[in-house]
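One structure is given here, and the rest of the page talks about it.
Below, all heavy atoms of this structure are taken into account, side chains as well, without hydrogens, waters or symmetry copies. In this text, all values refer to a predicted model and were calculated from it rather than measured experimentally. The sequence lines fix the lettering, A, B, ..., with proteins before strands; numbering per chain opens at 1.
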Amino acid sequence: MSVQHPLEHRHEAPGFWRKYLFSTDHKTIGIQYAITAMFFLLFGFALIMLIRWQLAYPGKPFPIPFLASLLGEARMVSGIMLPEFYNELGAMHGTIMIFLGVVPLAVGAFGNYVMPLQIGAPDMAFPRINMASYWAYFLGGIVMLGSFFVPGGAASSGWTSYPPLANIATQGQTFWLIGMVFLITSSLLGSINFIATIVQLRAKGLSFFRLPFFVWAQFVTAFLLLLAFPPLEAAGVLQLMDRLFGTSFFLPSGLVVGGKALEVSGGGNPLLWQHLFWFLAHPEVYVLILPAMGIVAEIIANNTRKPLWGYKPLVYSVLFLGFMSFIVWAHHMFITGMGTVMSTFFQATTMIISIPSVVILTSLIISLWGASIRYTVPMLFALAFLPMFGIGGLTGLPLGLASSDIHLHDTYYVIGHFHYVVAPGTLLALFAGVYYWFPKVTGRMMSEKLGKIHFWLSLIFINGVFLPMFFQGMAGVSRRLYDPTTYAYGKVVQPLNIVMSYSAWLLAVAQIFFLINLVYSIWKGEKASSDNPWDATTLEWATPTPPPHGNFLTPPEVYHGPYEYSVPGRKTDFLPQNQSE
Amino acid sequence: MMEIPYTVKPHPVTGVYNGKFGIWLFLASEVMLFGALFSAYVLLRVGADTWPRGSALLNVPLATLNTMLLITSSVTMVMSWASLKVNNFGKYRFYFASTIFLGLAFLVVKSFEYGAKFEHNHFPSTDTFYAIYFTLTGLHGLHVLGGILVNTYLLSTAKSMWNRDPEHMTNRIECAGLYWHFVDLVWIFLFPVLYLL
Amino acid sequence: MNESPYGYWLPIDISTHGYQIDQLIALLHWFMGGLFVFWSAFFIYCLIRFRHREGHQASYRLISGKFSKVLEVGVIIVESVLLIGFSIPIWASLKHDFPDAKEALTVHIVAEQFSWNIHYPGRDGVFGKRDVQLTSPSNPLGLDRKDPYGKDDITSINVFHMVVNKPVIVHLSSKDVIHSFFIPVMRIKQDAIPGSSIPIWFEATQTGKFDIACAQLCGLGHYRMRGEVSIDTQEAFDQWMLQKESESEQASSEETHQ
């Protein structure tokens, strides 16, 4: 552990702006991503906490009058949320959580900070493009936030923005589209950088099959971003044309809206949007989950103190997942009137894509066999990821088969399914990553005690939020309902909504422990025992702490696979990749 | 202190320097972008009751001229890079400036085409054919414009860059060339699809 | 029926095809549950047995892959059976085995923000023309009453009457945005997409009144786009038709007087 390195003095100290704001150093950019993404995660969570009041107590005035009046009469009339505002909150929650929260944290923050260190590179291949990627993301975030304040409010047609609804929506939708163009640009620049860096800048001796699994996950993720986002960009351009220049790409002839015939040429096709959108959005699901799997694999190997079980099958699975994710998209569209041939194809590909997920989960669980498990805080989160992702993955099966999807499509069952993948799944893994790499970034450890409180409370309440959704969905409750008690079957399961809402609010309380821990530990946390406090094998722990500009003091050389733990006949139970013997 | 490797020299295994690798990745994503738009075109056309013949509505001679301009500009682009390879900076400057000029000429012709359409009250909102025509050619035009801007920047800094690091300079022109050929290629697809079929 | 048709799991099923979907959902959940319990048991056993203790060291050696191979092959087999044996045939029968139009009740349902318009062909069995230009608050479908086929047509808003034990063919479309026609107790759900008319069919096995829901976000009134399906006996249905006929005659005669 070293606070100051003599090396840093060799270079001219960059000014404040270059060092903290417009830095091209991948570590600074990673931290910028982390802070911004965490803000957006909190913000997106806050949106849903508002919604949870309306869902638990439909039509009752908001219990915090101050907040209600702050939001204004256009959103809350005498404390009661308007359906328009409800739809804005729903659409923006999805958009913010996915595009501004989870992906930037999983890829932008962890990928940027950790990946170059793990491959022994001095920085990304294109540092300035890396900086541009962050600022494009930042601008996209500003546009999305700003859209709440335009007349008519933010986008309100769901994060999926299906036309014709999105075509005739208020101005907020245009902002949404422009914001998405920024975010797509950011992802594009980022993914080019990631792939080029992993292919070109690996340290000497670091062959592809010696890469840590996290790097593999980022590699496949980058390909998904690179190739899946452009079709959404195309769709976004077409929707912008529809909204700004009066074209009818998504509008068929003869539309009557609110009793008036729509003055457009017609001739378009609303399903065109869905095809283009889901061509992105299904790979996007894997963009959300693969980096999480990578983080979990790192932490499990480190804390079981033994090599991962089935490293190669894991790698092949993740490659296969990436490839298959491009040909399953229409399983989101079974009930748009799909015939037998198409539905058979997409059901079959969907069943096939479930196999590599089973392989990955099984490999990670078998990795525990014969281990010596250290129950550190990151390990707790990583372990919890496994059953949570299991639930999320398994509940995808009834949705992936067209016939069972008939009843479950667009119900809360779907919401439960993908939240289990992304929230109790990915988010827990991201927390694991924060606790795990915190000492590398700051040189200090996060508090174990606060971390454990945070873990247990989060695990309990996050399940309290999402588990009841499966029962609501089975009962038939549709998603995106402002007042679920309109329907008889919604009334029956309404008590679940109250349980879920309290769980959500308590989940928020649990995050206070995390925030306190995070901020406190930056300055006051216990100092890490060494540059490698977890006794890990991968290259990021072979740098000084925090790593200086350029990362490594001398170019590292790699002699082993990534997880040489408990190698027989050695004094220590870990053999770093760069140790020659 | 480590420096980023392979910024200029090719990687021994992949055989390319970082920038070239990056531009190929970028072009892969561009293929997906235009591929998606072409798919949209096919879907809309197949779903339409009637679809006009492009040659009946659009100005084929002007578009043919534009095709020639772009193809020529691709040739001058190759020549400019080849000139650098044989250390002839003066020739590079001539060919590279010609590329920029031909790109501008393409845009000028295009703007006349657009102008004529607007005069006849043909707008993107007129029907699906014009909608896809304006969207595809417009997006392609933006790509041409982007290329011109970057090329102009490269030309303006060429002399000092050439004196400082000729190999790096040559690489940059190679990457700019790859992009320019791609934009040319997109037009080669657009021309028959929109104007002839 | 005294018991509520709804609960915390699937609602009652009163369609002729729904049992197959329920069966598939049940099988899937047994499979999912089994796999999850199996995984969890192994997981928890490992967590306890292989916890870090003094003097205990992790083993560098990896166990053989038989266990996971068996599991993966098992998953592949079960998924294939569910796909080929259940899902594909059910889907095919719903898409292809339409009942004979002569035996069935055929209706058009046109969704709009935020209601369901139900259009019956009337006594002649032929649907009258609908024209966008004719839509008005009193004629949301734009039904052309001057069309000879349109004179006897019956329309209804949000209340869909059908006959028990007689198949129904619904041609589903939308006037404005995408909606989704969902009857939970009938295990039927189909998007209503503007610009296309999509046929679906189903048959009820018992009488009663149940919810029709919109399952696709369609705007600020999505949550209240609730319809009602009333499954009648043939007699009750005919009675309702007669009543509707006289209502529409009255309306059209008033119109001519004005």
Which answer fits C:I212, side chain, backbone, both or neither, if we ask what part of it has an atom under 4.5 Å from a heavy atom of chain A?
backbone
For A:Y482, is it the side chain, the backbone, both, or neither that has a heavy atom closer than 4.5 Å to a heavy atom of chain C?
both
Side chain, backbone, both or neither: which part of A:L308 has an atom under 4.5 Å from a heavy atom of chain C?
backbone
Checking heavy atoms, do the side chain of A:T486, its backbone, both or neither come under 4.5 Å from chain C?
both
Are A:W369 and C:F67, when compared by the centres of their aromatic rings, separated by less than 6.0 Å?
no
What part of A:L271 gets within 4.5 angstrom of chain C, counting heavy atoms only: side chain, backbone, both, or neither?
side chain
If you count heavy-atom pairs within less than 4.5 Å of chain C, which of A:G473, A:A261, A:S354 leads?
A:S354
Between chain A and each of C:S80, C:G195, C:P184, count heavy-atom pairs under 4.5 Å; write down the option with the most.
C:P184
I want to check something: taking the side chain as every heavy atom from C-beta on, are A:L401 and A:F334 in contact at a cut-off of under 4.5 Å?
no
Segment of A:E88 engaging chain C (4.5 angstrom heavy-atom cut-off)
neither
Using side-chain heavy atoms (C-beta onward) and a distance below 4.5 Å, is C:P11 in contact with A:Y489?
no
Could you look at A:A169 and say if it's the side chain, the backbone, both or neither that has a heavy atom under 4.5 Å from chain C?
neither
Among the options A:M338, A:R305, A:R479, pick out the one with the most heavy-atom pairs lying under 4.5 Å from chain C.
A:M338
C:L62 side chain near A:Y311 side chain, heavy-atom distance below 4.5 Å:
no
Side chain, backbone, both or neither: which part of A:P313 has an atom under 4.5 Å from a heavy atom of chain C?
neither
Considering only heavy atoms, which portion of C:L24 lies under 4.5 Å from any heavy atom of chain A: side chain, backbone, both, or neither?
side chain
Is there a donor-acceptor contact under 3.5 Å from the side chain of C:D131 to the main chain of C:Q133?
yes
Proximity breakdown for C:S196 and chain A, heavy-atom pairs closer than 4.5 Å:
neither
Using a cut-off of under 4.5 Å on heavy-atom pairs, state which of A:S156, A:G390, A:P270 scores highest against chain C.
A:P270
Using atom types as modelled and distance alone, determine if a side-chain donor or acceptor of A:K306 lies under 3.5 Å from a backbone N or O of C:A58.
no
Please classify the contact between C:S68 and chain A as side chain, backbone, both or neither, with a heavy-atom cut-off of under 4.5 Å.
both
Side chain, backbone, both or neither: which part of C:R61 has a heavy atom under 4.5 Å from chain A?
backbone
Do A:S367 side-chain atoms and A:W309 backbone N/O form a donor-acceptor pair below 3.5 Å?
yes
Minimal heavy-atom distance between C:I157 and C:N117, with the atoms involved, is CG1-OD1, 3.7 Å
Residue pair A:L496 / C:Y8: nearest heavy atoms and the distance that separates them
CG-CE2, 3.5 Å
Relative to chain A, which segment of C:L28 carries a heavy atom at a distance below 4.5 Å: side chain, backbone, both, or neither?
side chain
Sort A:T362 into side chain, backbone, both or neither according to what part of it lies under 4.5 angstrom from a heavy atom of chain C.
both
Answer yes or no: is there a donor N or O on one side and an acceptor on the other, between the side chain of C:Y6 and the main chain of C:I12, under 3.5 Å?
no
Does any backbone or side-chain atom of A:T336 lie under 4.5 Å from a heavy atom of chain C? Answer side chain, backbone, both or neither.
both
Which one wins on heavy-atom pair count under 4.5 Å against chain A: C:T135, C:I84, C:I200, C:I88?
C:I88
Using a cut-off of under 4.5 Å on heavy-atom pairs, state which of C:Y60, C:F86, C:F43, C:F182 scores highest against chain A.
C:Y60
Give a yes or no answer on whether the side chain of A:S253 reaches the backbone of A:G267 with a donor-acceptor pair at less than 3.5 Å.
yes
Side-chain contact, heavy-atom cut-off 4.5 Å: C:F36 with A:P387?
yes
Chain A contacts, top residue of C:L83, C:L172, C:I21, C:I198 (heavy-atom pairs, under 4.5 Å)
C:L83
Would you check if the side chain of A:W273 reaches a backbone N or O of A:S161 as a donor-acceptor pair within less than 3.5 Å?
yes
Which of C:Q20, C:R53, C:E72, C:R187 touches chain A most, by non-hydrogen pairs under 4.5 Å:
C:E72
Is chain A contacted by the side chain of C:I178, its backbone, both, or neither, given a heavy-atom distance below 4.5 Å?
both
Distance check, rounded to the nearest 0.5 Å: C:Q23 atom CD versus A:S403 atom OG?
11.5 Å
Greatest number of non-hydrogen atom pairs under 4.5 angstrom with chain C, of A:Y86, A:F470, A:Y563, A:Y413, falls to A:Y413
Residue among C:G219, C:G221, C:G65 with most heavy-atom pairs under 4.5 Å to chain A
C:G219
Between C:L10 and chain A, with a heavy-atom cut-off of 4.5 Å, which part of the residue counts as in contact: side chain, backbone, both or neither?
both
Side-chain (C:K189) to main-chain (C:I183) donor-acceptor, under 3.5 angstrom:
no
One thing to verify: whether C:R226 and C:D211 come together as a salt bridge, which I'm taking to mean a side-chain N less than 4.0 angstrom from a carboxylate O.
yes
Would you confirm whether C:H56, through its side chain, and C:H52, through its main-chain N or O, come within 3.5 Å as a donor-acceptor pair?
no
Measuring only between side-chain heavy atoms, which start at C-beta, is C:I90 closer than 4.5 Å to C:S87?
no
Side chain from CB out, backbone as N, CA, C, O: work out which of these in A:P252 comes under 4.5 Å of a heavy atom of chain C, or both, or neither.
side chain
C:L47 versus chain A, the contacting section by heavy-atom distance below 4.5 Å:
both
Answer key: most heavy-atom pairs under 4.5 Å with chain C among A:A371, A:G337, A:S363 is A:A371
Using 4.0 Å as the upper bound for N to carboxylate O, is an ion pair formed by C:R224 and A:D483?
no
Is A:Y565 close to chain C through its backbone or its side chain, or both, or neither, when contacts mean heavy atoms under 4.5 Å?
backbone
May I ask you to name which of A:Q347, A:K491, A:M333, A:K260 has the most heavy-atom pairs under 4.5 Å with chain C?
A:Q347
Does any heavy atom of chain C fall under 4.5 Å from the side chain of A:L386, the backbone, both, or neither of them?
side chain
Counting only heavy atoms closer than 4.5 Å, note whether C:Q190 contacts chain A via side chain, backbone, both or neither.
both
